[in-house]
Amino acid sequence: MSPLRALVRPVSGRRTRLTREQAEQRSLLLRLLSLLLQYPDRELATARPSLAASVAKLPHSPASAELTSFINWFVAQPSDTLESHYVEVFDLRRKSGLYLTYYLHGDTRRRGMALLTLTQTYRAAGWDPGAGELPDHLPVALEFAALTGHGAGEAPLRRHRRGLELIHHALSDARSPYRHLLAALLTLLPPATEADLLAVAQLAAEGPPTEDVGMDPYGTAAFAPPGTFVPPPPAPPTTAPSHPTSNAETRR
C-alpha cells in the first residue's frame, strides 16, 4: 500500500501522524490540485509541461492516478478549449461552482459569517490569501491546506466535504475531465458517511438555503456563484431643488 493511500482510511477512523516525506508529498499533491483548479490563463497553460512532470513524480496512489488522468487531457488541449470548458463547468453551472460555503449556507447571513470565519482562520495561521478571490474558493482552500498541513490546514476541506461531493457529482454528470481533480481530493478526506450521501442527494435536489436579506456581514463582494442573482445597488436619493427652476429647465 502506498504512503498516500495509507492516509485515506486510517485505523479506527483517526488521522495518522505523517512522516516528513508523507507530509511533503501530500502538500505537493494539494498544491497541484490548487493550481489545476484555477482558471487556465496563459501563465497556467505555459506551465503545463512542468505541472505534468510534477504529477509524474508523485508516488502511486488513487489520488495520483486521478491527477494523471486529468493532466493527460489538460496538456493535449488548445488553450482556447481549456478556457471555454472551464467557464462552462465552473462559471455557468451552479452545482459545480467552486465557492464552498455556498453549498452549506446558500445566499444567507450565515454565509457571510462563514466567509469571515474562514478569513480569520487563514490569518490566525499566519497566511493572507490576498484580495483576488473569496476565501471559500476551492483553489484558495487547497493552497491553505498545502501550506499549513494535514490537521488544521485541511479542516476547511473536511468541513465542506458534502459540497465537494456535489461538485464531483456535477462534473461527473457533465463528463468533465475536472471530475478527476475532485475525485483525487476526495480520496484524501475521510470517507463519506451515509448521512453525508443523503445530505448530498438532498442538496442536489433542493439546492442550498436561500434568504432575501443579510448579505452584508462580509463586505461588498458578491457571495453567490457566477450567474446567480445579485441585487442592484440602491438608487441615489432624490432631492428637491433649492431654487425654483425655469420653464425651460422643467421641459428639459
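A quick note: this is a predicted structure, and the numbers were derived from the prediction, not measured.
- By the 4.5 Å heavy-atom criterion applied to side chains, Pro208 and Tyr103 are not counted as neighbours.
- Counting only heavy atoms from C-beta outward, the side chains of Trp127 and Val140 approach each other to under 4.5 Å.
- Residues Leu186 and Leu188 share a hydrophobic cluster, clusters being chains of Ile/Leu/Val/Met/Phe/Trp/Tyr side chains in contact below 4.5 Å.
- Of all the heavy atoms in His60 and Ala65, the pair that sits closest is CE1-CB, 4.5 Å.
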Would you sort out whether Ser172 and His180 count as a side chain to side chain contact (heavy atoms under 4.5 Å, CB included), showing the intermediate values?
CA-CA 9 Å; Ser172 297; His180 294 296; over 6 Å; no

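- One distance of note links CG of Leu134 with OH of Tyr102; it measures 13.5 Å at 0.5 Å rounding.
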Could you go through the side chain to side chain contact (heavy atoms under 4.5 Å, CB included) check for Glu154 and Arg26 one step at a time?
CA-CA 11 Å; Glu154 294 180 26; Arg26 194 177 181 96; 2.7 Å; yes

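- Inter-residue side-chain proximity for Arg109 and Met113 is flagged as unmet; no heavy-atom pair is nearer than 4.5 Å.
- With Glu165 as the fixed residue, the side chain to side chain donor-acceptor pair (under 3.5 Å) test singles out one of His168, Arg161, Arg162: Arg161.
- The pair Glu66-Arg179 fails the salt-bridge criterion, with no side-chain N (NZ, NE, NH1 or NH2) lying under 4.0 Å from an Asp/Glu carboxylate O.
- Taking the salt bridge (Lys or Arg N to Asp or Glu O under 4.0 Å) definition, one finds that Arg42 meets it with nothing, sequence neighbours left out.
- Among the candidates Ile71, Leu32, Leu35, the single residue satisfying the side-chain contact (heavy atoms from CB on, under 4.5 Å) test with Ser54 is Leu32.
- Panel note: side chain Glu206, backbone Leu203; no donor-acceptor pair is recorded below 3.5 Å.
- Annotation: side chain of Asp41 is in contact with side chain of Leu44 (closest heavy-atom distance under 4.5 Å).
- A tilted orientation is assigned to the rings of His137 and Tyr99, their planes being inclined by 30° to 60°.
- Under a hydrophobic-cluster definition in which Ile, Leu, Val, Met, Phe, Trp and Tyr are linked whenever side-chain heavy atoms come within less than 4.5 Å, directly or via other members, Leu198 and Leu164 are assigned to different clusters.
- The CZ atom of Arg175 sits 9.5 Å away from the CG atom of Asp173 when rounded to the nearest 0.5 Å.
- A distance of 12.0 Å separates CG of Asp136 from OG1 of Thr117, quoted to the nearest 0.5 Å.
- Listed for the Lys95 side chain is a donor-acceptor partner under 3.5 Å among the backbone atoms of Ala204.
- The two residues Leu58 and Ser64 come nearest to each other via the heavy atoms CB-CB, 3.9 Å.
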When you look at Ser27 and Glu24, which way does the side chain to side chain contact (heavy atoms under 4.5 Å, CB included) test go after all the steps?
CA-CA 5 Å; Ser27 178; Glu24 290 175 352; 5.7 Å; no

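- Remark: side-chain polar atoms of Arg94 are not paired, donor with acceptor, to backbone N or O of Gly207 under 3.5 angstrom.
- Leu30 and Leu147 fall into different hydrophobic clusters, where Ile, Leu, Val, Met, Phe, Trp and Tyr are joined by side-chain heavy atoms under 4.5 Å apart, directly or via other members.
- Ring-plane geometry between His85 and Tyr178 is classed as parallel, the angle between the planes falling under 30 degrees on a 0 to 90 degree scale with a further cut at 60.
- Between Leu197 and Ala192, the shortest heavy-atom contact is CD2-CB, 4.0 Å.
- A search for salt bridge (Lys or Arg N to Asp or Glu O under 4.0 Å) contacts involving Arg31 returns Glu143, not counting sequence neighbours.
- At a threshold of 4.5 Å between side-chain heavy atoms, the hydrophobic network of Ile, Leu, Val, Met, Phe, Trp and Tyr places Leu185 and Trp73 in one connected group.
- In this structure, the side chains of Thr148 and Tyr122 stay at 4.5 Å or more apart for every pair of heavy atoms.
- Interatomic distance, Gln38 CD to Leu138 CG, rounded to the nearest 0.5 Å: 10.0 Å.
- Side-chain contact between Phe90 and Leu37 is present, with heavy atoms from C-beta onward closer than 4.5 Å.
- Considering CZ of Arg48 and OG of Ser79, their distance stands at 4.5 Å, rounded to 0.5 Å.
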Run the side chain to side chain contact (heavy atoms under 4.5 Å, CB included) check on Leu104 and Leu100 step by step: do they pass?
CA-CA 7 Å; Leu104 187 59; Leu100 298 179; over 6 Å; no

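- Side-chain heavy atoms closer than 4.5 Å link hydrophobic residues (I, L, V, M, F, W, Y) into clusters, and following such links, possibly through other members, connects Val89 to Leu182.
- Between Ile167 and Leu171, the closest side-chain pair of non-hydrogen atoms falls below 4.5 Å.
- A 4.5 Å side-chain heavy-atom check between Thr121 and Phe144 finds at least one atom pair inside the cut-off.
- Atom OH of residue Tyr39 and atom CG of residue Asp91 lie 8.5 Å apart, to the nearest 0.5 angstrom.
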Where do His160 and Thr101 land on the side-chain hydrogen bond (donor to acceptor under 3.5 Å, both in side chains) test, with the steps shown first?
CA-CA 7 Å; His160 294 284; Thr101 61; over 6 Å; no

